[in-house]
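Atoms considered below: every heavy atom in the structure, side chains included; atoms not considered: hydrogens, waters and symmetry mates. For the single chain, residues carry numbers from 1 onward in sequence order.
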Amino acid sequence: MSETNAPATCGDTGGPPPACCPLSKVRAGTSVRIKQLLASPDLCQRLRELGLCEEQRIKLLLRDRSVVCQVCNVRLGLSGRLADSIWVEPVTPEEHTA
């Protein structure tokens, strides 16, 4: 997705950071950090209650029509549409060991 088509609410600078993308576009096996939840307020609250909150590190385990991710040692299955509303950035190798 190009920066012109990405939601302007992802990131603090008025546009998405260069590496920001929806969770549904991440390759399986990749660790990422949640940057923005772009869903209804009620749905965002429910995601946060499940541990999918901003700045949380998660690992995408499986990507198909739906996605399976690991957050806080728990595996969660999400629809592809819901995964589209969770914007993430890759975790750097230095952060993996921290």
Check [X] against [Y] and note the closest heavy-atom contact, atom names and distance.
X	Y	value
Ser24	Gly80	CB-O, 4.0 Å
Gln56	Cys72	NE2-SG, 3.9 Å
Leu82	Ser79	N-OG, 3.0 Å

* Side-chain contact test, heavy atoms from C-beta onward, threshold under 4.5 Å: evaluate it for Lys59 versus Leu61 and give yes or no. => yes
**Report entry** Contact check, side chains of Arg48 and Glu54, non-hydrogen atoms, under 4.5 Å
**Finding:** yes
Donor-acceptor pairs are to be reported for all side-chain atoms of residues 63-71 against protein atoms at under 3.5 Å, with residues two or more places apart or in another chain.
from  : atom 1 : to    : atom 2 : distance (Å)
Arg63 : NH1    : Lys25 : O      : 3.1
Arg63 : NH1    : Val26 : O      : 3.3

_Check for me, please, whether Val88 and Leu50 land in the same ILVMFWY cluster - side-chain distances under 4.5 Å, paths through other members count._
yes
Are any of the side-chain nitrogens in Glu55 or Lys35 under 4.0 Å away from the carboxylate oxygens of its partner? yes
Only residue of Ile34, Leu52, Ile58, Thr30 satisfying side-chain contact (heavy atoms from CB on, under 4.5 Å) with Leu23 is Ile58
Between the CG atom in Leu62 and the CG atom in Leu78, the distance rounded to the nearest 0.5 Å is 11.0 Å
Interatomic distance, CG@Leu37 vs SG@Cys53, rounded to 0.5 Å, equals 8.0 Å
